[in-house]
Amino acid sequence: QVQLVESGGGLVSAGDSLRLSCAASGRTFNTNAMGWFRQAPGKEREFVAAIMWRAGITFYADSVKGRFTISRDNAKNMVYLQMNSLKPEDTAVYYCAAGVTTTLTMRGSDYDYWGQGTQVTVSS
């Protein structure tokens with residue numbers, strides 16, 4: 001099993017920045033891909049960004065490309081999501097996910113473990 005705990009969410013104004021953190025513990029050596037997803041009220045969960053633990057290859061949703069950066073610290077089993085130039089439409093609960101898949105994927109079904117989420121609210 002892998003446990004994921006997100007932190008760093010909060011209430012900010014449009015144009016501000018936030019950094020989300022995801023602490024992974026347990027059998028993390030089984031996982032290859034880490035992802036961030038988000039879900040806004042009344043909407044389906046959507047992919048935000050993903051990174052491969054070892055190679056560090058990254059992949060972003062078009063809606064956040066150029067504004068968000070995903071990174072990892074292998075020694076600390078941490079994954080981060082730096083969010084800049086935040087917009088009201090970025091408001092959502094943000095979830096960290098881990099998968100044993102060896103493919104850098106944006107499909108939620110490819111991820112095996114999920115955190116509880118952290119709320120990000122961006123006011124206009």
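Scope of the values below: all heavy atoms of this structure, side chains included, with no hydrogens, waters or symmetry mates.
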Enquirer: Under 4.5 Å between any side-chain heavy atoms of Trp114 and Cys96, yes or no?
Expert: no
Enquirer: Would you give the length of the straight line joining atom CD of Gln1 to atom CG of Asn30, rounded to the nearest 0.5 angstrom?
Expert: 10.5 Å
Enquirer: Above 12 or not: heavy atoms from other molecules or residues under 6.0 Å from CD of Glu89?
Expert: yes
Enquirer: Atom CE in Met83, atom CG in Asp16: separation rounded to 0.5 Å?
Expert: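 The CG atom of Asp16 is 11.0 Å from CE of Met83, to the nearest 0.5 Å.
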Enquirer: Are any side-chain N or O atoms of Thr91 and backbone N or O atoms of Val122, one a donor and one an acceptor, separated by less than 3.5 Å?
Expert: yes
Enquirer: Tell me whether Lys87 is salt-bridged to Asp90, with the criterion being a basic N under 4.0 Å from an acidic carboxylate O.
Expert: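 No salt bridge links Lys87 with Asp90.
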Enquirer: What are the two closest non-hydrogen atoms of Tyr111 and Ala50, and how far apart are they?
Expert: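 Scanning both residues completely, I find the closest heavy atoms to be OH-CB, 3.4 Å.
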Enquirer: For residues Gly108 and Arg45, report the shortest heavy-atom separation together with the two atoms involved.
Expert: CA-NH2, 3.8 Å
Enquirer: Under 4.5 Å between any side-chain heavy atoms of Tyr60 and Val48, yes or no?
Expert: no
Enquirer: Would you please test Gln82 and Phe68 for side chain to side chain contact (heavy atoms under 4.5 Å, CB included) and show each step?
Expert: CA-CA 5 Å; Gln82 177 67 43; Phe68 291 11; over 6 Å; no
Enquirer: Shortest non-hydrogen contact from Ile70 to Thr58?
Expert: CG2-CG2, 3.6 Å
Enquirer: Do Ile51 and Leu4 sit in one hydrophobic cluster, given that two such residues count as connected whenever their side-chain heavy atoms are within less than 4.5 Å of each other, even indirectly?
Expert: yes
Enquirer: Could you measure the distance from the OG atom of Ser85 to the CZ atom of Arg67? Nearest 0.5 Å is fine.
Expert: 7.0 Å
Enquirer: Provide the closest heavy-atom pair for Ala92 versus Ala40 in the form atom of the first, atom of the second, distance.
Expert: CB-N, 3.8 Å
Enquirer: Give the cluster check for Phe37 versus Val2: same hydrophobic cluster or not, with ILVMFWY residues linked at side-chain heavy-atom distances below 4.5 Å.
Expert: no
Enquirer: Evaluate the side chain to side chain donor-acceptor pair (under 3.5 Å) criterion for residues Arg38 and Tyr94: first the C-alpha distance (whole Å), next the side-chain angles of each, then the deciding distance (0.1 Å), finally the verdict.
Expert: CA-CA 4 Å; Arg38 67 187 182 186; Tyr94 283 71; 2.9 Å; yes
Enquirer: Assigning hydrophobic clusters by single linkage (Ile, Leu, Val, Met, Phe, Trp, Tyr; side-chain heavy-atom cutoff under 4.5 Å), is Val120 placed with Tyr80?
Expert: no
Enquirer: Same cluster or not: are Leu20 and Tyr95 linked, directly or through other Ile, Leu, Val, Met, Phe, Trp or Tyr residues, by side-chain heavy atoms under 4.5 angstrom apart?
Expert: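 Leu20 does not cluster with Tyr95.
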Enquirer: How about Asn32 and Met52: do any of their side-chain heavy atoms sit closer than 4.5 Å?
Expert: yes
Enquirer: Indicate, with yes or no, if Phe47 and Val93 share a hydrophobic cluster defined by side-chain heavy-atom contacts under 4.5 Å among Ile, Leu, Val, Met, Phe, Trp and Tyr.
Expert: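 The answer is yes; both residues are in one hydrophobic cluster.
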Enquirer: Does the side chain of Ser17 come under 3.5 Å of the side chain of Asn84 through a donor N or O and an acceptor N or O?
Expert: yes
Enquirer: Is there a side-chain contact between Thr28 and Tyr113 (heavy atoms, below 4.5 Å)?
Expert: no
Enquirer: Backbone N or O of Gly9 within a donor-acceptor pair of the Thr118 side chain at under 3.5 Å?
Expert: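 Yes, because the side chain of Thr118 sits within donor-acceptor range (under 3.5 Å) of the backbone of Gly9.
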Enquirer: Residues in side-chain hydrogen bond (donor to acceptor under 3.5 Å, both in side chains) with Asp73, at least two apart?
Expert: none
Enquirer: Can you give me the closest heavy-atom contact between Cys22 and Met34, atom names plus distance?
Expert: SG-CE, 4.2 Å
Enquirer: Any side-chain heavy atom of Thr105 within less than 4.5 Å of one from Phe59?
Expert: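 No, too far: nothing below the 4.5 Å cut-off.
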Enquirer: Could you tell me which non-hydrogen atom of Gly8 sits nearest to which non-hydrogen atom of Leu18, and how far apart they are?
Expert: O-CD2, 3.6 Å
